[in-house]
Amino acid sequence: MPYQSPPNPQIYQEQVWTLVRQIPYGKVVTYGQIAQLIPPPNGIAPQDYKAFSPRWVGDAMAACPNDVPWQRVINAQGKISDRPGAQRQRQRLEEEGIVLINDKVDLKFYQWQGIDREAELRQTTLF
DNA sequence: GTTGTGACATCGC
DNA sequence: CGCGATGCCACAA
């Protein structure tokens, strides 16, 4: 799996899933973007968080429930990460009207920018 | 006890 | 724009 784990992996992945569920149909976000929307857990230095959090997000996605639109999470290059199921992910994105050019999504056009950070974090408090 | 290997991002050439 | 190196960790085999 990843590089170091967050202090409380279960809580963290719940936060990730909650954010991913907010992604609108036809839009995408990057792993790093999701990581930035979640504050560093207590005891984690900001620079360490910046270095590892994208990996943690990837971990959370590896175990995400069926109701999470995992296909809308891609890497910073606008590409679909190489993993089993990548083919299916691409198909789902195209079904949402997202066009891939040379296996890449045009983030300038499809990346979702409308997250209200404070509001989302408040929701994750449910866990 | 070692080794290989990750749903990443960033920088350099 | 593409490819390789870095960062430097947990976990399975």
Side-chain angles (χ1 to χ4, degrees):
Chain A
M1 315 260 303
Y3 296 70
Q4 93 193 47
S5 303
N8 192 326
Q10 293 190 347
I11 297 289
Y12 195 84
Q13 67 179 14
E14 292 293 353
Q15 291 180 302
V16 171
W17 298 335
T18 297
L19 285 172
V20 175
R21 290 194 185 94
Q22 313 304 315
I23 306 172
Y25 180 94
K27 290 291 181 180
V28 298
V29 298
T30 67
Y31 297 94
Q33 186 182 357
I34 292 176
Q36 287 185 14
L37 292 169
I38 299 174
N42 291 330
I44 301 296
Q47 56 182 18
D48 289 335
Y49 183 72
K50 182 180 180 182
F52 300 120
S53 56
R55 302 278 198 174
W56 300 347
V57 172
D59 275 348
M61 296 310 294
C64 79
N66 299 324
D67 67 317
V68 174
W70 50 270
Q71 71 273 22
R72 297 179 191 144
V73 183
I74 59 181
N75 62 36
Q77 301 167 41
K79 293 182 179 177
I80 295 172
S81 298
D82 183 26
R83 62 176 179 290
Q87 190 71 34
R88 201 170 72 236
Q89 177 171 12
R90 172 169 184 156
Q91 186 173 1
R92 289 198 185 189
L93 291 178
E94 293 180 325
E95 287 173 356
E96 296 189 3
I98 296 175
V99 179
L100 287 81
I101 302 175
N102 290 330
D103 297 324
K104 289 187 298 185
V105 171
D106 185 350
L107 290 177
K108 286 203 303 282
F109 191 80
Y110 294 109
Q111 184 169 27
W112 185 41
Q113 307 287 1
I115 288 182
D116 178 333
R117 178 193 272 180
E118 300 301 320
E120 297 311 322
L121 295 179
R122 221 165 292 144
Q123 280 196 9
T124 62
T125 304
L126 292 174
F127 293 92

Looking only at side-chain atoms of [X], point me to the closest of [options].
| X | options | result |
| --- | --- | --- |
| A:K104 | B:dA9, B:dA7, C:dG2 | C:dG2 |
| A:Q77 | C:dG2, B:dT10, C:dG7 | B:dT10 |
| A:S5 | C:dA10, C:dC9, B:dA9 | C:dA10 |
| A:A62 | C:dC1, C:dA10, B:dA7 | B:dA7 |
| A:R55 | C:dG7, C:dC1, B:dA9 | C:dG7 |

Let's see if you get this right: which residues in residues 67-75 of chain A place a heavy atom under 4.0 Å from DNA chain B? A:W70, A:N75

Kindly say whether A:T18 contributes a backbone atom to a donor-acceptor pair with the side chain of A:Q22 at under 3.5 angstrom? yes

Summary of side chain to side chain donor-acceptor pair (under 3.5 Å) pairs that have at least one residue in residues 39-54 of chain A, sequence neighbours excluded: A:Y12-A:Y49

Nearest-angstrom distance from the residue atom [atom1] of [X] to [atom2] of [N]:
| X | N | atom1 | atom2 | answer |
| --- | --- | --- | --- | --- |
| A:D103 | C:dC3 | CG | P | 11 Å |
| A:Q47 | C:dC9 | CD | P | 12 Å |
| A:K50 | B:dA9 | NZ | P | 12 Å |
| A:W56 | C:dC9 | CH2 | C1' | 10 Å |
| A:Q33 | B:dA7 | CD | C1' | 16 Å |
| A:I34 | B:dA9 | CD1 | C1' | 14 Å |
| A:M61 | B:dC8 | CE | C1' | 13 Å |
| A:Q36 | B:dA9 | CD | P | 10 Å |

Contacts of A:K104 meeting side chain to side chain contact (heavy atoms under 4.5 Å, CB included) (sequence neighbours excluded), chain-then-number -> A:K79

All side chain to side chain contact (heavy atoms under 4.5 Å, CB included) counterparts of A:D67, not counting sequence neighbours: A:R21, A:P65

Please measure how far the P atom in C:dC8 lies from the corresponding atom in B:dT2, and state the result in whole Å. 22 Å

Separation of the P atoms in C:dA13 and B:dA7, to the nearest angstrom: 15 Å

Under the salt bridge (charged side-chain N to carboxylate O under 4.0 Å, His left out) definition, can you give me all pairs with a residue in residues 90-101 of chain A, not counting sequence neighbours? A:R72-A:E96, A:R90-A:E94, A:R90-A:D103

Determine the contact category for A:K79: base if any of its heavy atoms lies under 4.0 Å from a base atom, sugar-phosphate if only primed atoms, P, OP1 or OP2 are that close, otherwise nothing. nothing

To which residues is A:I80 joined in a hydrophobic cluster, defined by side-chain heavy-atom contacts under 4.5 Å among Ile, Leu, Val, Met, Phe, Trp and Tyr, whether direct or through other members? A:V28, A:I74, A:L93, A:I98, A:V99, A:L100, A:I101, A:V105, A:L107, A:F109, A:Y110

Would you check, one step at a time, whether the test side-chain contact (heavy atoms from CB on, under 4.5 Å) holds for A:V29 with A:K27? CA-CA 7 Å; A:V29 298; A:K27 290 291 181 180; over 6 Å; no

